[in-house]
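Each chain gets a letter, A, B and so on, in the order the sequences are listed, and its residues count up from 1.
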Amino acid sequence: MANLIVDERDQKFTLYEMLEVEKLCDYERYADFSADMFDMILTEAQKLAVEEIFPTLAESDKQGCRLENGQVHVPECFHRAYKLFCEAGWNCMSFPQERGGQGLPFIMRIAAHDWFVHNFAFVSYPGLGEGAAHLIEVYGNEAQKEKYLPNMLSGQWGGSMCLTEPGAGTDVGNLSTKAVRQSDGTFKLQGTKIFITAGDQDLTENIIHPVLARIEGDPAGTKGISIFLVPKFLVNEDGSLGKRNDFAVAKIEEKMGIHGSATCLINFGDSNDCTAELLGEERQGMKIMFQLMNEARIATGLQGLTSASTAYLHALQYAKDRLQGSSLMEFKNPDAPRVAIIEHPDVRRMLLWMKANVEGMRALMYYTTVCGDKAGCIKDEAEAEKWLGIVEVLTPIVKAYCTDIGFRVTETAMQVYGGYGYCSEYPIEQFLRDEKIASIYEGTNGIQALDLVGRKMGMKKGTYFMNLLGEMNGTVTRYQGNPTLKPLTDDVLQAANILAEMAMFFGSSAKAGKFLIPVGNAYPFLMMMGKIVCAWLLLWQAGIAQEKLVRLCSDKGVDSADADALLALIRENKDAAFYDGKVKTAKYFIKHVLPEVEATAKAIKSEDLSIMEIAQESFTS
Amino acid sequence: MNTVVCLKQVPDTETLIKIAGTGIATDGIKWVISPYDEFAVEEALKMKEKMKAGNVTIVSLGPDRAIESIRTALAMGADTAVHVNDAAYYEKADPFATAAALAAAVKGLEYDAVFLGKQAMDDDSGQVPAMLGELLGIPVVTQVIKIEVADDKSKASVTREVEGGHALLDVSLPAVFSAQKGLNEPRYASLPGIMKAKKKPVDVKKAADLGVSDGPKTVVKELSLPPARQAGRIIQGDDAKAKAAALAKALHDEVKII
């Protein structure tokens, strides 16, 4: 089966030619690895994705999940995929080797999962297990690590994340699940959690649920929240499974998409006997949760990217195959042959818009992740902090920008398919249904925007944000001497200046007491910043590609300024086609998408607050 | 039980093949283990697991790039490898030259069985298994879909695919077995397997190191792509009867098969 999931060449270009991830192996922490090992990992990830994971996508959507006698049954086809996934170790790529993981840099985990996450319903099961295991690995005591980690890392036991309640979603401090202290040091939980992804399944013999709750007597709000481990089956001293813990799945949600993912409502402690262990320290629940949330936000952004990537490659193939209409050049000739729709300008516009967004998002996702990996390796504290600061600033953008643009790319893919795209016989409508949730969960995109504007921009008095601007300017400086790229570097520089100006504008608005300006415009600002960051990263890619293209031309004795000769080379040489495509993609994005930031900046600077001025009564007659 | 698996690196079956002279253009090709050889690797690994002892050695003739496929087989679980890395020899190698190089490499190893695919997915000649058996002086069973080895490793009961049915036979060991689809389901390489593969020994040899001097017995004179498939034709007619008549007429008059 052909690969319509990830453009391999783009992935490798971003990893090696742009971000030089093989240099991570120079650090002691990753000295065991090498570029050829990374290649093998990506090859195997592709193989598993194409042969096993993608084929379960449509089937699991049709079959969905069932709740029978309190037990959730996932789609049948997930069982084999889950076994293969965990046996090969894809569920614990970045866990330390001494704990049974692979100890890989996080970028390899992200790059491998770039192949898997298009089937988010499937990936949610090993993914939630991995997330819960990660919490235990970081915050658990030694006894908890020994008790839970080996079986969780082998995939024998699963996990979840029980946070949301009917009255506490975005406002998590409002939660009412209570924990009652027992004489033996454990707790009994009571309460209801909703929207719990992978809250139950029949893939694993046990499930370890991290649950947020308030110990009786602790203060209201987020400060009084603790986090607990609640296994489905209690684990005996000898490691064997004991009695079924006192909680029950009351229902699974009927949803628009990800039908293979069981979204559970769980009642804890109906018989007053739900045993829970404290994880970490009391009242540290939010802090611990946020550690997971930051990674979960990156992973959710990946859902946006993978949906877009898969949808784009499907639409591209369709546009090359589908014959409809004749060439515009032959509009006077009624007998002109029909052509593939990729020849029509409007279809090309959609395809290039999709390509630019997919590649920009992949660059954003991988860049952010590599910054985190570098921060984890660099001994110099100030430099490590610089990279970690950039991760802080970019995380809400990765989450919100990639999920919203991911949805729009997927929607555009449907447009390329035309009426067939709207029909379930073709895969796009499922991609679209499955992706939508990504802008909502793991902190809605509105919350991400507030996180960016309210917390991240001002961190360390804005130093982290300024460091990011510094990196952008570095790229502009590097390529502004290149005549082909000069018009693009000028535009990116101008956009980076707008970004800096808007940050100052928000700062002075807040100082002047006009805090509704940054708050009300946080989301448009986030999307504007996402475009600017992607334009910068695409420019960086174009710079590398342009230099390589020129070198390739001179190797082949082709004059790169001779358009016909260059086109002839592109037609027969894959590298030339790829590099020239990179330059054209960046040019398109910078010339056609980036100008949108000027409109956003203008709107924000107008200080217009219609959104607040309009009375609730006036929203409808 | 010690086994040897001969594998060939071939273009991925999705590759769009372009002819270049008497060979194919290799730029931009994605290389993989020939799918039938993957069955061979899997069978050797299963046998080792079943017998709970022995080594699986990979032998491959190919240029530098073949190491990627060798490492993949090592990541699946094979123990060691011999890479006959000789681009000049490989470029010209026909099935005989290939079998000669493989046989020379295998001769230096300890083995109870040799596995390989029934044919390589690139040129599909299917001659190497028989030639290899001949050169090693041991029996060959081709198109194997099931193998059971006696506990004392003296013989194997084999099911092979033959036209219209299956043939069951016993063969004394050591022997060469060529794998047919259906023999097993090859495993995926695991991440720990990939990491271990890097440290497993690969013995690199030139054809001359193995004392192989015989060149190819055949010469490729010309290579061409099969003719492009003609577009299908929809038989027209007012009703089923008319369409059936038109179809029968076309089959009789044009295709001349009825």
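The environment of B:Leu16 atom CG is sparse: at most 12 non-hydrogen atoms of other residues, nucleotides or ligands sit within 6.0 angstrom. Annotation: B:Lys146, atom NZ; neighbour count of heavy atoms from other residues, nucleotides and ligands within 6.0 Å does not exceed 12. Shown here is B:Lys196, whose NZ atom has no more than 12 heavy atoms of other residues, nucleotides or ligands within 6.0 Å.
Using a 4.0 Å cut-off between charged nitrogen and carboxylate oxygen, A:Arg80 and B:Glu185 count as a salt-bridge pair.
A distance of 11.5 Å separates CG in A:Leu48 from OG in B:Ser190, rounded to the nearest 0.5 Å. Put simply, CD1 on B:Ile194 and CZ on A:Phe38 are 11.5 Å apart, with the number rounded to the nearest 0.5 Å. The structure places CZ of B:Arg71 at 13.5 Å from CG of A:Asp39, a figure rounded to the nearest 0.5 Å.
Heavy atoms of A:Asp36 lying under 4.5 Å from chain B belong exclusively to its side chain. For A:Leu84, the part sitting under 4.5 Å from any heavy atom of chain B is the side chain, from C-beta outward, and nothing else. The contact between A:Gln46 and chain B is made entirely by side chain atoms (from C-beta outward), counting heavy-atom distances below 4.5 Å.
Side chains of A:Glu44 and B:Met76 form no contact here, defined as non-hydrogen atoms less than 4.5 Å apart.
Heavy-atom neighbours of chain B within the stretch residues 85-96 of chain A, taken at a separation under 4.5 angstrom, comprise A:Glu87, A:Ala88, A:Gly89, A:Trp90, A:Met93. Residues of residues 97-116 of chain A having a heavy atom under 4.5 Å from any heavy atom of chain B, listed by number: A:Gln97, A:Gln102, A:Leu104.
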Run the side-chain donor-acceptor check on residues 230-238 of chain B: report pairs under 3.5 Å with partners two or more places apart or on a different chain.
| unit_1 | atom_1 | unit_2 | atom_2 | d |
| --- | --- | --- | --- | --- |
| B:Arg233 | NH1 | B:Glu254 | OE1 | 3.0 |
| B:Arg233 | NH2 | B:Glu254 | OE2 | 3.4 |

Cut-off 3.5 Å, no hydrogens considered: what does the side-chain donor-acceptor table look like for residues 115-122 of chain B, sequence neighbours left out?
| unit_1 | atom_1 | unit_2 | atom_2 | d |
| --- | --- | --- | --- | --- |
| B:Gln119 | NE2 | B:Asp124 | OD1 | 2.9 |
| B:Asp122 | OD1 | B:Lys8 | NZ | 3.2 |
| B:Asp122 | OD2 | B:Lys8 | NZ | 2.9 |

Steps toward salt bridge (Lys or Arg N to Asp or Glu O under 4.0 Å) verdict (A:Asp32, B:Lys198): CA-CA 10 Å; A:Asp32 275 356; B:Lys198 177 103 184 174; over 6 Å; no
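Each of A:Met40, A:Lys574, A:Glu8 has some count of heavy-atom pairs under 4.5 Å with chain B, and the biggest count is that of A:Met40.
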